[in-house]
Amino acid sequence: FHSDGVTKVKFSNYDSMYQATENLIARGHRVLAFYGSDGHSTSFRERHEGFLACVEAHKSENVVGLSINFDNSLLNYADDALLEKAFQNQPFTALVCANDIIALNAYKTLAKLGKKIPDDVSVVGFDNIKEGELADPPLSTFNVPREELGKEIANYLIGMFSERQLQYSQIVIHCPYIQRGSIKNLN
């Protein structure tokens, strides 16, 4: 929700992906990849930045972060050939995806490569869509509390109209992590 570039209500994209990446590093993953499309949306770019910041913070632990950015102008939410090539060039044990649809598309591409989730590659998404919960294995993800978003917007508007609200603000809504069967502990 944007109002003339003055107020922004958004989800914790950066912090959530930082947390996901840190969780994977704590579980022994040292070669991780981010799979998404920075040009698709600000939220995808923020998630990628969170991944990169976490990798940078852990580089003294020999953590390597790969960026697999694809053109999503056709809304395919995947680039199978690019993902395959990236994996063949530098095999990774963890794939952090910009959203659940991208993660579920990656499930298919990794299966074509003969890779099993989570045995060969751990996968994390973002959005907590129903298909992720039903996937085999169920996808680890971040829940996007849409009801809380609506409440925050309503509270902001009420405050704005009653002149109790700051003109310039940013509201960041925390997205809780849901760990399911797509993550393997390598320790």
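It should be emphasised that the depicted structure is a prediction, and the values quoted were computed from it without experimental measurement. Residue numbers start at 1 and run along the sequence shown.
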Is it possible for you to say whether [X] and [Y] belong to one hydrophobic cluster, with membership spreading through side-chain heavy-atom contacts below 4.5 Å?
X: L110; Y: L104; value: yes
X: I117; Y: L186; value: no
X: I178; Y: I101; value: no
X: F142; Y: Y14; value: no
X: I129; Y: L134; value: no

Nearest heavy atoms of [X] and [Y], plus distance in Å:
X: F51; Y: A33; result: CZ-C, 3.8 Å
X: E84; Y: L113; result: CG-CD2, 3.9 Å
X: Y18; Y: A57; result: OH-CB, 3.4 Å
X: N128; Y: T141; result: N-OG1, 3.2 Å
X: S16; Y: S12; result: OG-O, 2.6 Å
X: C97; Y: A103; result: SG-CA, 3.6 Å

With side chains defined as the heavy atoms from C-beta onward, is the minimum distance between [X] and [Y] less than 4.5 Å?
X: H48; Y: M17; result: no
X: P176; Y: N143; result: yes
X: P137; Y: Y107; result: yes
X: D71; Y: D79; result: no
X: V55; Y: T21; result: yes

- Is it true that Y35 and F70 have ring centroids separated by less than 6.0 Å? yes

- Message: Are F87 and F92, when compared by the centres of their aromatic rings, separated by less than 6.0 Å?
- Response: yes

- Message: For D119, I'd like to know if atom CG has over 12 heavy atoms of other residues, nucleotides or ligands within 6.0 Å.
- Response: yes

So how far is it from [X] [atom1] to [Y] [atom2], rounded to the nearest 0.5 Å?
X: S37; Y: I68; atom1: OG; atom2: CD1; answer: 13.0 Å
X: R180; Y: S140; atom1: CZ; atom2: OG; answer: 7.5 Å
X: H174; Y: Q19; atom1: NE2; atom2: CD; answer: 6.5 Å
X: Q88; Y: K85; atom1: CD; atom2: NZ; answer: 10.0 Å

- Message: Do N69 and S67 pair up side chain to side chain, a donor and an acceptor below 3.5 Å, judged on atom types alone?
- Response: no

- Taking atom types as modelled, find out whether D80 and T109 have a side-chain donor-acceptor pair closer than 3.5 angstrom. yes

- Do the numbers put R47 on top of the ring of F34, so that NZ or CZ is under 6.0 Å from the six-membered ring centre and no more than 45° off the axis? no

Do [X] side-chain atoms and [Y] backbone N/O form a donor-acceptor pair below 3.5 Å?
X: H29; Y: T93; value: yes
X: D120; Y: K116; value: yes
X: N99; Y: F126; value: no
X: S122; Y: K184; value: yes
X: R30; Y: I25; value: yes
X: N185; Y: N187; value: yes

- Can you spot which of L24, D100, L139 makes a side-chain contact (heavy atoms from CB on, under 4.5 Å) with V124? L24

- Would you check, one step at a time, whether the test side chain to side chain contact (heavy atoms under 4.5 Å, CB included) holds for L95 with L83? CA-CA 10 Å; L95 187 63; L83 181 57; 4.3 Å; yes

